[in-house]
Participant: 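Structure incoming, see below.
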Amino acid sequence: MGQSRYPRCLKMKWLFLTAKPDFVPDTITLLPDNIANQIAAGEVIQRPASAVKELLENAVDAGATEIKLIISDAGKALLQVIDNGNGMSETDARMCFERHATSKIRNIEDLFHIRTMGFRGEALASIAAVSQVELKTKRAEDETGTYIEVENSLVKKQEPVASANGTSIAMKNLFFNVPARRNFLKSNAAEMRHIVDEFTRVAMSFPEILFTLTANNQQLFHLEAGSLKQRIVQLLGTNYNAKLVTVKEETDYLNIYGFAGKPETAKKTRGDQYFFVNNRFIKSAYLNHAVMNAYREMIPADSFPMYVLFIDLDPTVVDVNVHPTKQEIKFEDEKIIYAFVQAAVKHALAQFSVTPTLDFELDASIQQLPSIQLPFTDDKKSAAAAGSIFRGFTQKNQAHFIEKSSEGELKNWRALYESNEQRVAGGEQIQAAPTHQSPLTAETELTQILNTYITIPSNNGFLLLHQQSAHERVLYEQLSAAGKDKPVATQRSMFPSTMELTPADAAVMEEIMEDLRYLGYTIEPFGRNTYVIQGTPADVEAGNDKHIIDILLEQYKHFSPEVKFSRREKLVRALARQQSVKAGTRLTEREMRQLVTDLFACSTPNSTPDGNPTYLEFKQEQLERMFGR
Ligand code: ADP
Ligand code: MG
């Protein structure tokens, strides 16, 4: 603390008391309305897209069945919304630009029962403070409409006008009077992306309304009124058409409905994820977590499932008034919502993906549902594992089965990887055990346990082999050897598949394409981040190439840049890991034998390339000690 004998606040008071009041001028003035509005606008209208949201929501609130959005110059020059809603009276048309002018709430009580998108009466006042606005509006019951021009919060012109029923609001030259803000705007492409995002969110939550979006005289969207599913497909792409699972649960407390993408639609970048609470788009990391939890074990840990979920509940138990643009809300009881969202999505996914190992933490009633009771039959499993185990693990139409193991795979991958990093950092080498004699004889009986481990009797005990780890070692050595002197044989695809990558992945692809060719994958650039897979190693099953490359890229990216593996080494490791037969796959006796034989033909059979054991040995003395004998 300071040296003063007085607490700071007392000293201040003393100074204040001794000052001569006559010399202290009053310093508080009331800001003129237009400046106050400009400041308020900073919160509500940050960029053209914010105006899009507000204007579209106003049109929705006005009961419109058709809403058109017209943009030019990414909304910097013009942003117009035309609706066929209720329209406004002459007085209201003038009033609507006043701050806190709203027809949607009348008292504080109403604030807790909000059913409209807007309620603060700030949007139009803010828009009028930072742009030139032209409003045309007419109610069905009026003969003529009203035209009003506003600039800098001031009405410039008002006159009767012949007009269709409804409202048109054009916002021109956004931030013309606040150059600092105008300079802060991003490129047209970036602002346009924000606009499309906002448009998408509103259009998604009101599929019964026709929406169009025209930018620079080009129609980007024409969304006919229809079902939610149709709207989702219109907005997010037809590739979701057959890949959506219906989510629908109803309780006294809340209803949830919408769609979740099948696991195979999960993407490497967060994108198509939408939550709406009482039809309002919200961002909630907490609820997103609930959905991610529902997908756990079904998709790789670092991929993002698609979902469009609507939560409807009594407006008295949510507070939508905690955020300037209302994108965050507060639930009275967040935990209930979380549990509910998770259960609803799990339940929905269970209807098509019937893996028994999924741990459903659902309540008993959900557990009883036939879709959950249905086992993932052995038939299906052997179908999934059909063919040589060396053919890669991806089997068409078994996405749920495959994705499940690849989740574990990615998790281990990281754990393994970290332990490997430590070893590399410590300069410690993984030593090959001195001798690795195959314990296999013609009489040896192999048993698979938990579809993951293989027991192999040895002369003084037994070996417990991990099938995935073992196979990874085998593939690693085969691929390293093959890549070393001559390229792996490629099989040209009859129907080469194309894949479009994100720019980031395309950069990775450019980096590894040459080495991939050496390893049997012929991939050719096709312009604009698109690549054609012309050929794959002969033992990769047709139809899986895209998926394989996808996962390969993922795994390749996981290598920490600190570890100085060569590109080829990274690729070989990633490929070995990715093509290895996964834990949980039923193997035939023949496949087990092949695996054990191949493993003991390796130069370092006892560990994976990452240094984890491929098998454990249990000797008789050891076993006896364990039994206290
Ligand atoms: P809020 O939506 O929070 O009420 P706004 O500033 O967005 O505030 O709008 C103010 C008022 O103007 C609204 O309450 C509504 O009465 C009226 N209004 C705005 N846009 C429209 C529209 N497209 N059609 C009919 N009335 C509208
Ligand atoms: Mg509004």
Side-chain angles (χ1 to χ4, degrees), residues 33-34 36-46 49-70 79-108 110-131 133-142 145-148 150 153 155 158 161 163-171 198-199 201-202 205-206 209-212 278-281 315 319-327 329:
D33 260 3
N34 59 336
N37 284 346
Q38 260 182 31
I39 294 169
E43 285 217 313
V44 189
I45 308 298
Q46 284 153 356
S50 344
V52 165
K53 171 181 191 289
E54 297 295 340
L55 295 177
L56 291 179
E57 288 185 350
N58 278 349
V60 168
D61 283 346
T65 56
E66 288 188 24
I67 301 176
K68 295 182 186 135
L69 172 60
I70 300 165
L79 197 156
Q80 182 176 17
V81 172
I82 305 171
D83 70 57
N84 66 348
N86 298 334
M88 285 179 261
S89 71
E90 195 187 337
T91 320
D92 283 354
R94 211 177 156 117
M95 270 278 281
C96 71
F97 295 108
E98 298 291 327
R99 203 133 59 98
H100 307 308
T102 178
S103 56
K104 299 168 194 175
I105 59 171
R106 301 203 172 269
N107 52 48
I108 197 72
D110 289 346
L111 195 54
F112 301 99
H113 301 276
I114 285 164
R115 285 285 180 193
T116 51
M117 304 304 287
F119 57 83
R120 293 197 194 118
E122 279 176 332
L124 291 185
S126 300
I127 288 172
V130 292
S131 69
V133 179
E134 293 171 18
L135 163 72
K136 213 165 60 158
T137 187
K138 181 175 131 17
R139 301 184 299 180
E141 59 265 44
D142 296 335
T146 308
Y147 175 81
I148 291 184
V150 189
S153 301
V155 175
Q158 173 168 356
V161 71
S163 159
N165 294 340
T167 303
S168 153
I169 298 186
M171 180 186 96
E198 291 295 355
F199 176 83
R201 291 163 183 174
V202 179
S205 53
F206 297 96
I209 300 177
L210 180 150
F211 284 89
T212 64
N278 291 345
N279 262 352
R280 188 185 301 285
F281 172 82
D319 187 353
V320 290
N321 200 21
V322 295
H323 187 264
T325 61
K326 312 184 196 97
Q327 280 199 356
I329 60 172

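Atoms within each ligand, like the ligands themselves, are counted from 1 in listed order. Bear in mind the structure is a predicted one, so any value in this text is a computation, not a measurement.
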Participant: As an exercise, identify every atom of ligand 1 less than 4.0 angstrom from a heavy atom of M88.
Facilitator: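 Going through ligand 1 atom by atom, the ones under 4.0 Å from M88 are 17 (C), 18 (N), 21 (C), 25 (C), 26 (N), 27 (C).
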Participant: Can an N, O or S atom be found in M117 less than 2.8 Å away from the Mg ion (ligand 2)?
Facilitator: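 No - counting backbone and side chain alike, M117 has no N, O or S atom under 2.8 Å.
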Participant: Please state which protein non-hydrogen atom is closest to atom 14 (O) of ligand 1 and give its distance, to 0.1 Å?
Facilitator: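 Scanning the protein heavy atoms, the shortest distance from atom 14 (O) of ligand 1 goes to S103 N, 2.9 Å.
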Participant: Are any of the N or O atoms of T167 closer than 3.5 Å to those of ligand 1?
Facilitator: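 So ligand 1 has an N or O lying under 3.5 Å from an N or O of T167.
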Participant: For D83, which part has a heavy atom under 4.0 Å from ligand 1: side chain, backbone, both, or neither?
Facilitator: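 Side chain only.
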Participant: At less than 4.0 angstrom from any non-hydrogen atom of T102, what atoms of ligand 1 do you find?
Facilitator: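 Counting atoms of ligand 1 from 1, those under 4.0 Å from T102 are 1 (P), 4 (O), 14 (O).
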Participant: For atom 12 (O) of ligand 1, find the nearest protein heavy atom and state the residue, atom name and distance (0.1 Å precision).
Facilitator: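 Looking only at protein heavy atoms, the one closest to atom 12 (O) of ligand 1 is C96 CB, 3.2 Å.
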Participant: How close does the nearest protein non-hydrogen atom get to atom 8 (O) of ligand 1, and which residue and atom is it?
Facilitator: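 Residue, atom and distance for the closest contact: G121 CA, 3.1 Å.
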Participant: Taking the non-hydrogen atoms of N86, is any one of them nearer than 4.0 angstrom to ligand 1?
Facilitator: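 Contact check N86 vs ligand 1: negative.
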Participant: Taking only heavy atoms of A123 into account, list the atoms of ligand 1 that are under 4.0 Å away from them.
Facilitator: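 Listed by number with element: 6 (O), 7 (O).
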Participant: Under 3.5 Å between some N or O of ligand 1 and some N or O of A62?
Facilitator: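 The answer is no, given that A62 and ligand 1 share no N or O pair closer than 3.5 Å.
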Participant: Non-hydrogen atoms of E122 versus ligand 1: any pair closer than 4.0 Å?
Facilitator: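 Contact check E122 vs ligand 1: positive.
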